[in-house]
Amino acid sequence: MFQVNKFKINLVCILIISFFICSAYSQEVSEKDKNESPFSLSQIEDIPVFGKHFVVAPTFKDFIHQMDFVMDFAPTLYLNTASTLISAPSPIFFPLTIGFSWPKDCFISLNPKITFYSMYYLWYFNSALPSEIENRTVTSLSFLVNIPISFSIYLRRSYFQFSLGMGFLFRFGFLSNAVTALDSGYFGSAEIDANFIKDWFWQNGRYLYISTEISWLFKFTNVIKAGPTVNLYLPLGGIINDGNFNGLMCSVGMKFVL
């Protein structure tokens, strides 16, 4: 527990330091002479507060140019409301998130993203719960497909972005390494538990999430933007069917737009 708390404290410190570095760099570069460097912020195109007017791309090449590539580096907390006597404390994992934004520099945009991570699970009573490595039964490869609509407010050297959308969590489970089908389980064997866990992933809409995101992105060039981001994923199926927030995910990290 001490190690987890220490990790969380260090993570918050790193994010705060990163935020101030971004802010300081933005202010420092904006004061330079506009002819000093082609990458100076003074060369950045000014965008109206509510973004540019959308123009239909005449060609596929122009359509591609209307997109921004997006990457998130945001450690994520997976909420486990079950007792730690039977399952793991709420785990923290480090996902890989990529996506795109279209159309860029507009007030309203579409920002589909896909997030990949893996987790351990065990079966208890009638639920698949996060597991520590010592008690794991199933390893899941998880793909969170998030399709939000974003609203952006543009400032002189940065912009705020709020997103709201739907997420679809696709989890594919298999017996964990060093776990055999005949190992003991809640229902007698690991193989039986694994089948229950894999079915549970897809039952009662547990793969449905409501996603929200708030970001503050600083413009380093006309192409490169980066800044802090906070994401929250509410387990819609779990709330409706199980009456709890088990499976809620929250991430805090850095977002890069290229």
Checklist entry - Taking it one step at a time, do Lys219 and Glu45 satisfy salt bridge (charged side-chain N to carboxylate O under 4.0 Å, His left out)? => result CA-CA 10 Å; Lys219 305 173 185 178; Glu45 177 186 7; over 6 Å; no
Checklist entry - Going through the checks in order, is the side chain to side chain contact (heavy atoms under 4.5 Å, CB included) test met by Ser140 and Phe201? => result CA-CA 10 Å; Ser140 76; Phe201 287 157; 4.1 Å; yes
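Contact annotation: the side chain of Asn146 never approaches that of Ile114 to less than 4.5 Å [non-hydrogen atoms, C-beta and beyond]. Between Lys52 and Pro103 there is no side-chain heavy-atom pair separated by less than 4.5 Å. With a 4.5 Å cut-off on side-chain heavy atoms, Leu258 and Val70 do not count as touching. The side-chain heavy atoms of Pro148 and Leu164, taken from C-beta on, include no pair separated by under 4.5 Å. Within the 4.5 Å cutoff, the side chain of Lys113 has no heavy atoms near those of the Phe100 side chain. Under the 4.5 Å side-chain criterion, counting only non-hydrogen atoms from C-beta, Phe196 is in contact with Phe187. At least one side-chain heavy atom of Ile153 sits less than 4.5 Å from a side-chain heavy atom of Val49. Here the side chains of Pro130 and Tyr120 are not in contact, with every heavy-atom distance at 4.5 Å or above.
Shortest non-hydrogen contact noted between Asn244 and Asn246 is OD1-N, 3.0 Å. Nearest heavy atoms, Phe94 versus Pro75: CE2-CG, 3.6 Å. Nearest heavy-atom pair across Ala226 and Phe256 is CB-CD2, 3.6 Å.
Hydrophobic clustering (side-chain heavy atoms under 4.5 Å, transitive across Ile, Leu, Val, Met, Phe, Trp, Tyr) keeps Tyr159 apart from Trp216. Hydrophobic clustering, with ILVMFWY side chains joined whenever heavy atoms are under 4.5 angstrom apart, groups Phe60 together with Phe54. Hydrophobic clustering, with ILVMFWY side chains joined whenever heavy atoms are under 4.5 angstrom apart, groups Phe69 together with Ile224. No path of Ile, Leu, Val, Met, Phe, Trp and Tyr side chains, each step under 4.5 Å between heavy atoms, connects Val55 with Ile47, placing them in separate hydrophobic clusters. Leu110 and Phe63 are not part of a single hydrophobic cluster, where members link through side-chain heavy atoms under 4.5 Å apart.
Note: Ser90 OG to Leu79 CG = 4.5 Å, rounded to the nearest 0.5 Å. With rounding to the nearest 0.5 Å, the separation of CG in Leu175 from CG in Asp183 is 8.5 Å. Here Phe143 contributes atom CZ and Leu169 contributes atom CG; the two are 10.5 Å apart, rounded to the nearest 0.5 Å. Going from atom OG of Ser150 over to atom CD1 of Ile108 covers 10.0 Å, rounded to the nearest 0.5 Å. The CD atom of Gln161 lies 6.0 Å from the CG atom of Leu217; values are rounded to the nearest 0.5 Å.
The main-chain N or O of Ile149 is never found under 3.5 Å from a side-chain atom of Asn111 such that the two would form a donor-acceptor pair. Judged purely by atom type and a 3.5 angstrom limit, Asn241 has no side-chain atom pairing as donor or acceptor with the backbone of Gly238. No donor-acceptor pair closer than 3.5 Å links the side chain of Ser101 to the backbone N or O of Lys104. A donor-acceptor contact shorter than 3.5 Å links the side chain of Ser131 to the backbone of Asn135. Side-chain atoms of Thr221 come within 3.5 Å of backbone N or O of Val223 as a donor-acceptor pair. The backbone N or O of Gly253 sits nowhere less than 3.5 Å from a side-chain atom of Thr229 that would complete a donor-acceptor pair. A donor-acceptor contact shorter than 3.5 Å is absent between the side chain of Asp72 and the backbone of Ala74.
Salt bridge absent: Asp46 and Arg156 never bring a charged side-chain N and a carboxylate O closer than 4.0 Å.
With sequence neighbours excluded, the residues forming a side chain to side chain donor-acceptor pair (under 3.5 Å) with Trp102 are Gln66, listed by chain and number. With sequence neighbours excluded, the residues forming a salt bridge (Lys or Arg N to Asp or Glu O under 4.0 Å) with Lys255 are Glu213, listed by chain and number. Asn80 is linked by a side chain to side chain donor-acceptor pair (under 3.5 Å) to Ser87, counting only residues two or more places apart in sequence or in another chain. Among residues two or more places apart in sequence or in another chain, the side chain to side chain donor-acceptor pair (under 3.5 Å) test is passed with Thr76 by none.
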Let me have the donor-acceptor pairs involving side chains of residues 121-129, under 3.5 Å, with sequence neighbours excluded, atom names and distances please.
from: Tyr121; atom 1: OH; to: Arg171; atom 2: NH1; distance (Å): 3.2
from: Trp123; atom 1: NE1; to: Phe125; atom 2: O; distance (Å): 3.2

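The aromatic rings of Tyr78 and Phe93 are tilted relative to each other, their planes meeting at an angle between 30° and 60°.
Phe107 pairs with exactly one of Tyr154, Phe160, Phe50 by the ring-ring contact (aromatic ring centres under 6.0 Å, His included) rule, that one being Phe50.
Residue pairs that meet the ring pair (Phe, Tyr, Trp, His ring centres under 6.0 Å) test with at least one member in residues 221-247, sequence neighbours left out, do not exist here.
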